[in-house]
Novice: 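Take a look at the following structure, please.
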Number of protein chains: 2
Amino acid sequence: MAFEYEFPRPALATDCVVFGFDGSELNVLLVKRGIEPYINVYAFPGGFVHIDETVDECARRELYEETGVKDVYMEQLYTFGDIDRDPRGRVVTVAYYALVRSTDYFPHGGTDASQAGWFKINELPPLAFDHKKILETAKQRIQNQIRYRPIGFELLDQKFTMTQLQTLYEAVLERKFDRRNFSSKILKTGVLDILDEKVQNVAYRAPRLMSFNRERYLQLTQEGFNFEI
Amino acid sequence: MAFEYEFPRPALATDCVVFGFDGSELNVLLVKRGIEPYINVYAFPGGFVHIDETVDECARRELYEETGVKDVYMEQLYTFGDIDRDPRGRVVTVAYYALVRSTDYFPHGGTDASQAGWFKINELPPLAFDHKKILETAKQRIQNQIRYRPIGFELLDQKFTMTQLQTLYEAVLERKFDRRNFSSKILKTGVLDILDEKVQNVAYRAPRLMSFNRERYLQLTQEGFNFEI
DNA sequence: CTAACTTTGCGTATCAAAAACGCAAAGAAT
DNA sequence: ATTCTTTGCGTTTTTGATACGCAAAGTTAG
């Protein structure tokens with residue numbers, strides 16, 4: 001007990017909701033807690049803010065330490081500051097969300113060797129603390145974000161087909177799109193490069209691959225461009 | 001020095017960006033700091049989170065204590081957690097924004113008796129800490145919010161004219177609208193009640209007054225209604 | 001090898017909303 | 001009475017969203 005202050009201070013933590021996409025469904029990365037409270041209950045990766053790191057840095061550090069995930073797209077979500085959200089005492093948490101290509105990391109379903117694993121967003125186990133509430137906030141946020149920012153590309157491999165992109169949008173927004181309208185709407189924005197390459201070893205007609213053109217996107221946003229689907 | 005912890009903890013504070021509207025321009029409520037650091041420099045009302053209040057409650061309490069403003073529309077904005085944002089040491093702040101009818105509170109420009117006052121958003125004095133950055137974040141947020149939520153009505157008197165509403169939208173979004181298109185677009189959403197009352201003592205043709213129908217708005221949002229302008 | 005089938009890629013027709021704008025009535029100022 | 005500004009209610013034009021037709025690519029089945 002070495003750190004003392006004139007007034008009591010809440011502890012400050014971060015938690016991170018990591019979304020992944022497996023080609024058909026949206027997944028969330030959870031870790032099983034090894035200590036009380038909520039021992040053996042799943043929770044989002046997170047932990048306490050160190051005094052010599054920014055809150056953003058804390059979120060990235062904790063994510064890496066607990067799951068090995070690093071160098072990913074991450075944004076602050078919301079700060080949860082209710083009094084009784086942690087039975088250990090007063091803990092305020094700054095929640096983040098991250099988007100990753102889930103194939104880059106764990107096998108789906110997790111392994112026994114690892115305490116971290118992917119879960120389908122509609123088949124989640126009970127969550128510790130107020131993490132259910134955090135998840136709902138995160139879900140709403142990406143549904144809003146994907147409509148006017150090209151965050152979807154963070155969830156796909158660098159090369160992807162139009163159908164894969166559409167399936168992702170349908171999974172996130174929980175609705176269907178017309179294949180032809182979706183394609184022309186995305187293509188006419190100009191943020192996709194069509195590659196001279198097709199998918200191999202596929203049943204029926206092989207689709208062409210495409211990739212996200214980040215330079216073109218940045219150029220368009222500066223001109224006041226809107227990415228709505 | 002009575003409160004000690006095993007690990008060092010950042011101090012946790014809130015700050016609130018209060019927007020007001022005076023009929024033609026958007027204003028921001030600032031308080032002049034009476035103590036170091038940044039003594040005599042303007043800042044947003046705010047202060048440290050008490051151990052027995054939620055973060056939301058802290059934002060409301062500090063706003064009331066420093067400016068007398070209470071019972072207003074308020075939302076969490078963003079948490080600023082850089083290491084060196086406060087010269088006193090590590091302070092993380094959860095920023096909020098609030099919308100008020102500025103006529104309900106202070107005279108514009110502030111008085112000598114009060115340390116709090118309204119400033120035109122484009123003529124602000126230098127701000128303490130990283131409050132310039134907080135302001136930019138808040139400005140972007142209300143520009144986004146006003147397009148799909150009827151937050152504009154929080155900034156007007158209960159009875160207002162269509163031209164007043166349009167002037168507000170133009171001030172917030174920093175663009176002009178066609179008077180006739182703006183009016184019909186707002187009216188066809190059904191969230192406005194047209195009152196059997198006209199503005200008095202006005203040059204030229206007197207416009208009718210209207211008011212926001214909150215029940216109708218809630219009903220429409222539940223049906224999946226979108227308020228975009 | 002041919003026919004059937006699925007997916008892709010590109011097009012057009014139809015419908016709804018956004019933007020531009022015409023015009024006369026209300027009502028004060030001259 | 002005339003002029004002037006603002007209001008209120010429309011129509012026309014343009015743009016974008018949605019629905020859907022159809023043939024080519026390429027695999028599967030007979």
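Proteins get letters first, then strands, A, B, ... in listed order; numbering begins at 1 in each.
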Novice: Atom CG of Asn201(A) to atom P of dT27(D): distance rounded to whole Å?
Specialist: 10 Å

Novice: Are the side chains of Met210(B) and Met162(B) in contact, using a 4.5 Å heavy-atom criterion?
Specialist: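 Met162(B) reaches Met210(B) side chain to side chain.
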
Novice: Do Phe21(B) and Phe19(B) pass the ring pair (Phe, Tyr, Trp, His ring centres under 6.0 Å) test, and can you show the C-alpha distance, the side-chain angles, and the key distance before you say yes or no?
Specialist: CA-CA 7 Å; Phe21(B) 183 65; Phe19(B) 291 103; over 10 Å; no

Novice: Are Tyr42(A) and Phe119(A), when compared by the centres of their aromatic rings, separated by less than 6.0 Å?
Specialist: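 Under 6.0 Å, so yes.
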
Novice: Give a yes or no answer on whether the side chain of Asp130(A) reaches the backbone of Lys133(A) with a donor-acceptor pair at less than 3.5 Å.
Specialist: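 Answer holds: no.
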
Novice: Expected output is a numbered-order residue list: members of residues 170-196 of chain A with a heavy atom under 4.0 Å from any atom of DNA chain C. What is it?
Specialist: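 Heavy-atom contacts with DNA chain C come from Arg179(A), Arg180(A).
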
Novice: Go through the steps to decide whether Glu174(B) and Glu170(B) satisfy the test side-chain contact (heavy atoms from CB on, under 4.5 Å), and finish with yes or no.
Specialist: CA-CA 5 Å; Glu174(B) 293 174 326; Glu170(B) 290 177 343; over 6 Å; no

Novice: At a heavy-atom distance below 4.0 Å, which nucleotide of DNA chain C is the first touched by chain A, and which is the last?
Specialist: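 Contacts span dT6(C) to dG11(C), reading 5' to 3'.
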
Novice: Around atom OH of Tyr148(B), are there more than 12 heavy atoms from other residues, nucleotides or ligands closer than 6.0 Å?
Specialist: yes

Novice: Take atom CD of Glu136(B) as the centre, draw a 6.0 Å sphere, and report whether it contains more than 12 heavy atoms from other residues, nucleotides or ligands.
Specialist: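 Yes.
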
Novice: Under the side-chain contact (heavy atoms from CB on, under 4.5 Å) criterion, do Phe160(B) and Leu192(B) qualify, and how do the steps go?
Specialist: CA-CA 10 Å; Phe160(B) 52 86; Leu192(B) 290 191; 3.8 Å; yes

Novice: Tell me what Thr163(B) touches on the nucleic acid: a base, only sugar-phosphate, or nothing, going by heavy atoms under 4.0 Å.
Specialist: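 Sugar-phosphate contact only.
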
